[in-house]
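A quick write-up on the structure given underneath.
Throughout, protein chains are lettered first and strands after them, A, B, ... in sequence-line order, and every chain is numbered starting at 1.
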2 protein chains.
Amino acid sequence: MKSDKISEAVVRRLPVYLRYLNALHKREVATVSSQELGQRLDLNPAQIRKDLAYFGDFGRKGIGYDVSYLIEKIRHILKIDQQINVVLVGAGNLGQALSNYNAYLKDNMKIVAVFDAFPDKVGTKINTLVVQPMDELEATVKEKNIRIGIITVPDFEAQHVADRLIESGIGAILNFAPTTLKAPANIRIHATDFTTDLLSLAYYLEDGKEETQYDSE
Amino acid sequence: MKSDKISEAVVRRLPVYLRYLNALHKREVATVSSQELGQRLDLNPAQIRKDLAYFGDFGRKGIGYDVSYLIEKIRHILKIDQQINVVLVGAGNLGQALSNYNAYLKDNMKIVAVFDAFPDKVGTKINTLVVQPMDELEATVKEKNIRIGIITVPDFEAQHVADRLIESGIGAILNFAPTTLKAPANIRIHATDFTTDLLSLAYYLEDGKEETQYDSE
């Protein structure tokens with residue numbers, strides 16, 4: 001397996017597969033076809049087969065994929081078969097909302113610390129985590145072996161926070177601040193910019209004001 | 001201009017260009033080169049020139065792009081030179097956080113209504129908007145000519161909310177619920193799934209525990 005040959009688009013689809021496979025596993029479904037995956041996830045079955053073939057010969061013709069085995073393989077590929085600790089910096093509304101997603105993050109990935117620069121926020125509790133002051137950031141990242149940082153601070157603070165996270169030894173950042181972060185090439189940064197998503201959606205709106213032709217039944 | 005020929009990746013980069021161009025405009029910078037854009041946005045200048053060339057011959061050799069003109073063009077391409085009204089369904093922490101981004105959404109795109117199914121939430125204020133009950137959804141979407149919906153409800157409610165939004169005449173949805181939504185082909189759905197983003201980041205973590213080689217100076 002040549003991990004550096006796999007496109008980001010494929011890597012981003014793997015957790016989507018995993019989510020549905022986990023749901024199937026919960027319902028005690030043993031096998032699933034690429035057709036069913038495709039229908040449920042609105043993806044071409046051939047695309048799904050191609051994606052999964054990157055990682056080995058998982059499927060069996062006429063039977064489909066073994067759900068448990070595929071879950072195990074994807075978890076391994078995504079490296080979430082080990083515990084990965086995550087830190088969240090910025091305990092505002094967005095930070096609080098994200099920390100609630102811990103429940104979805106089964107898969108050994110977990111937000112284990114929350115930081116905020118505002119004295120009013122420090123010491124308050126978000127779910128089970130107590131918000132820590134920024135001067136404890138570096139020590140906590142090292143102590144808890146934190147590998148991923150989530151940035152939910154205002155845009156003008158984001159680069160400074162990113163620099164501190166990177167210096168503490170973090171390998172990847174999920175950035176929610178509406179600004180482009182600079183980082184060395186070995187640090188992976190994904191931006192989840194709500195405003196960018198929303199503005200790019202407008203492009204796809206149909207012109208004119210005609211009623212949408214859609215029968216919901 | 002053949003709008004259906006432009007890849008989603010390009011469309012998604014346009015708001016990123018726009019954000020930086022707006023910042024330049026505010027600082028009264030009149031022209032910008034693709035080199036400078038590339039350096040600031042961590043993109044290959046040739047890529048930027050190619051992206052912008054889709055829409056016409058904007059740049060001038062040795063001078064660069066006229067900032068005001070490029071802003072105007074991108075706004076037109078993204079169709080945000082008209083007012084686009086947005087509705088938010090789900091007034092929890094995430095919904096509240098997103099409604100705070102209205103300030104970033106200059107560009108004639110604006111969240112104009114917020115809905116929630118919980119009686120406790122209805123009637124409360126988020127910024128300047130009063131949270132409305134779900135039974136007013138369809139009428140409000142039509143009345144306020146709302147074209148885009150943001151879904152920040154729990155996953156098990158998301159499809160039902162999407163169906164109602166689509167039936168009300170909405171053309172595009174930004175989905176924050178961790179589930180894949182079904183919609184007719186003429187409805188554009190972008191998913192912003194935090195858990196997917198985060199799980200795919202783990203893939204890029206370097207193996208082993210060695211210290212990151214990075215000099216922040």
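- Taking each heavy atom of A/Ile80 and B/Ala202 in turn, the nearest pair found is CG2-CB, 3.9 Å.
- More than 12 heavy atoms of other residues, nucleotides or ligands sit less than 6.0 Å from atom CD of B/Glu138.
- More than 12 heavy atoms of other residues, nucleotides or ligands lie within 6.0 Å of CD in A/Gln83, so this atom counts as buried by the packing criterion.
- Shown here for A/Asn93 and B/Ala97, the closest heavy-atom pair between the two residues is CB-CB, 3.6 Å.
- In this structure, the portion of A/Ile148 lying under 4.5 Å from any heavy atom of chain B is its side chain and not its backbone.
- Interface residue A/Phe176: backbone and side-chain heavy atoms are both found under 4.5 Å from chain B.
- Within the 4.5 angstrom heavy-atom criterion, no atom of A/Thr152 approaches chain B.
- Closest approach of B/Tyr203 to A/Ile77, counting heavy atoms only: CD1-O, 3.3 Å.
- The choice from B/Thr192, B/Asp197, B/Leu94 that makes the most heavy-atom pairs within less than 4.5 Å of chain A is B/Asp197.
- Looking at A/Leu181, the atoms closer than 4.5 Å to chain B (heavy atoms on both sides) all sit in the backbone: N, CA, C or O.
- Side-chain contact between B/Val11 and A/Tyr204: present, with at least one pair of heavy atoms (C-beta onward) separated by less than 4.5 Å.
- Closest approach of B/Ser200 to A/Pro15, counting heavy atoms only: N-CG, 3.8 Å.
- When all heavy atoms of B/Leu78 and A/Leu199 are compared, the pair lying nearest together is CD2-O, 3.9 Å.
- Closest approach of A/Thr180 and B/Arg19 over heavy atoms only: OG1-NH2, 3.4 Å.
- In this structure, OH in B/Tyr20 is found 10.0 Å from OG1 in A/Thr179, a value given to the nearest 0.5 Å.
- Other residues, nucleotides and ligands contribute only 12 or fewer heavy atoms inside 6.0 Å of the NE2 atom of B/His25.
- With a threshold of 4.5 angstrom between heavy atoms, B/Arg40 approaches chain A through its backbone and through its side chain.
- B/Gln96 CD to A/Gln96 CD: the interatomic distance, rounded to the nearest 0.5 Å, is 9.0 Å.
- Contact annotation for A/Arg164: neither backbone nor side-chain heavy atoms come within less than 4.5 Å of a heavy atom of chain B.
- With a threshold of 4.5 angstrom between heavy atoms, B/Ile173 approaches chain A through N, CA, C or O but not through any side-chain atom.
- If you take NZ on A/Lys110 and CG on B/Leu198, they are separated by 14.0 Å, rounding to the nearest 0.5 Å.
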